[in-house]
There are 2 protein chains.
Amino acid sequence: MKAQKELMQVFAELDDVEDVEQFCREILTAKELDDLYLRWQLLKELHQKIPQRTIAANHGISLCKITRGSKILKDKGSITLKLLKKTLERESDEQ
Amino acid sequence: MKAQKELMQVFAELDDVEDVEQFCREILTAKELDDLYLRWQLLKELHQKIPQRTIAANHGISLCKITRGSKILKDKGSITLKLLKKTLERESDEQ
DNA sequence: ATCCTTGTTTCTATCAGCAGAAACATATAA
DNA sequence: TTATATGTTTCTGCTGATAGAAACAAGGAT
């Protein structure tokens, strides 16, 4: 099997949150992982209609980084968008 | 929930290989994803006891990148090592 | 129309990961 | 012991993602 599909397969089979986290910490550097967390947080806030400049100020990041997230969410077929909705609905249920 | 755990949760809940792949393509750049694929491939080859200089030559990468993979696999508690074993066993079964 | 808010794009400089190369460490064989 | 193969570390320069800043575009409110 190609390395690409194989790695995706590994992720698909990982069901435990702790396992996923440990695996990510092993194959990504601390900075890469922090960047990834920030991207997710940024996508959440964009989806919640928080102004881009507010997000930039809150996290101390530049607008070019945010524009990128914005482009992802504009795509109607975006799976990130679906996953965000799922996550945010769950959070609102918890309140 | 913290963005960190939340993102890990998203990965843990993704069961379909195609979905994982699409999600990765959305939140990672093409280069970041290629790097990640290469890291996995490199880890596989290290685990198969292929000499580091052979791996470096085959993929056109430097040794410093390989040393890093080597360090991951030296850790007895490494989940990457467990996942590699699982993957390689499956591949040998297929033959 | 004018102003203000927000989204988007572009420019230069910075930083982390890594290439390329060399040196160093260790072990095994001759 | 000496030579060879392999693993590891270190150094300088390069590259891609992005910070910081500015400019541009599009609406909405007055």
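Here is how names work: the chains are called A, B, and so on, in the same order as the sequence lines, proteins then strands, and each is numbered from 1. All values below were derived from every heavy atom in this structure, side-chain atoms included, with hydrogens, water molecules and symmetry-related copies excluded. On a predicted model such as this, the values are computed, not experimentally measured, just so you know.
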Undergrad: Tell me which pairs pass salt bridge (charged side-chain N to carboxylate O under 4.0 Å, His left out) where either residue lies in residues 13-25 of chain B, with sequence neighbours left out.
TA: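 The answer is A:Lys5-B:Glu18, A:Lys5-B:Glu21, A:Lys86-B:Glu13, A:Arg90-B:Glu13, B:Glu21-B:Arg25.
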
Undergrad: For the backbone of B:Thr87 and the side chain of A:Gln9, can you confirm whether one donor and one acceptor N or O come within less than 3.5 Å of each other?
TA: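 Absent.
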
Undergrad: Who pairs with B:Gln52 by side chain to side chain donor-acceptor pair (under 3.5 Å), at least two apart in sequence or on another chain?
TA: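 B:Gln52: no side chain to side chain donor-acceptor pair (under 3.5 Å) contacts found.
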
Undergrad: Can you tell me how far the CG atom of B:Leu28 sits from the CZ atom of A:Arg39, to the nearest 0.5 Å?
TA: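 Rounded to the nearest 0.5 Å, the CG-CZ separation comes out at 6.0 Å.
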
Undergrad: Which residues in residues 45-55 of chain A have a heavy atom closer than 4.0 Å to any atom of DNA chain D?
TA: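 Within residues 45-55 of chain A, the residues near DNA chain D are A:Arg53.
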
Undergrad: Restricting to ring-ring contact (aromatic ring centres under 6.0 Å, His included), what partner residues turn up for B:Tyr37, sequence neighbours left out?
TA: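 Once residues adjacent in sequence are excluded, B:Tyr37 has no partner under the ring-ring contact (aromatic ring centres under 6.0 Å, His included) criterion.
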
Undergrad: Name every donor-acceptor pair, under 3.5 Å, that has one atom in a side chain of residues 61-71 of chain A and the other anywhere in the protein, sequence neighbours excluded.
TA:
from	atom 1	to	atom 2	distance (Å)
A:Thr67	OG1	A:Leu63	O	3.1
A:Arg68	NH2	B:Ile27	O	3.1

Undergrad: Measure the CD1-NZ distance between A:Ile50 and A:Lys44 for me, rounded to the nearest 0.5 Å.
TA: 9.5 Å

Undergrad: Please give me every residue in residues 61-77 of chain B whose heavy atoms get under 4.0 Å of an atom in DNA chain C, ordered by residue number.
TA: B:Ile61, B:Ser62, B:Cys64, B:Lys65, B:Arg68

Undergrad: Do B:Leu42 and B:Leu88 land in one hydrophobic cluster if side-chain heavy atoms of ILVMFWY residues count as linked below 4.5 Å?
TA: no

Undergrad: Across nucleotides 25-30 of chain C, 5' to 3', mark each nucleotide with B, S or - according to how protein heavy atoms within less than 4.0 Å reach it.
TA: ------

Undergrad: Round to a whole Å and report the spacing from CG of B:Asp35 to C1' of C:dA16.
TA: 12 Å

Undergrad: Calculate, to the nearest 0.5 Å, the distance between atoms CD and CD1 belonging to A:Gln22 and B:Ile79 respectively.
TA: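 Rounded to the nearest 0.5 Å, the CD-CD1 separation comes out at 5.0 Å.
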
Undergrad: Residues in side chain to side chain contact (heavy atoms under 4.5 Å, CB included) with A:Lys82, at least two apart?
TA: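 In terms of side chain to side chain contact (heavy atoms under 4.5 Å, CB included), with neighbours along the sequence ignored, A:Lys82 is linked to no residue.
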
Undergrad: Can you tell me which residue pairs pass the salt bridge (charged side-chain N to carboxylate O under 4.0 Å, His left out) test with a partner in residues 45-57 of chain A, sequence neighbours excluded?
TA: none

Undergrad: Return the residues of residues 20-34 of chain A meeting this criterion: a heavy atom under 4.0 Å from some atom of DNA chain D. Order them by number, or give none.
TA: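 Going residue by residue through residues 20-34 of chain A, none turns out to have a heavy atom under 4.0 Å of DNA chain D.
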
Undergrad: Rounded to whole angstrom units, what separation is found between the CG atom of A:Leu38 and the P atom of C:dC15?
TA: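 In whole Å, C:dC15 P and A:Leu38 CG are 18 Å from each other.
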
Undergrad: Under the rule for side chain to side chain donor-acceptor pair (under 3.5 Å), what residues qualify as partners of B:Thr80, not counting sequence neighbours?
TA: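 Testing B:Thr80 for side chain to side chain donor-acceptor pair (under 3.5 Å), a comparison that skips the adjacent residues, returns A:Glu26.
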
Undergrad: Can you name the residues that form a side chain to side chain contact (heavy atoms under 4.5 Å, CB included) with B:Lys31, not counting sequence neighbours?
TA: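 Listed in chain order: B:Thr29, B:Asp35.
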
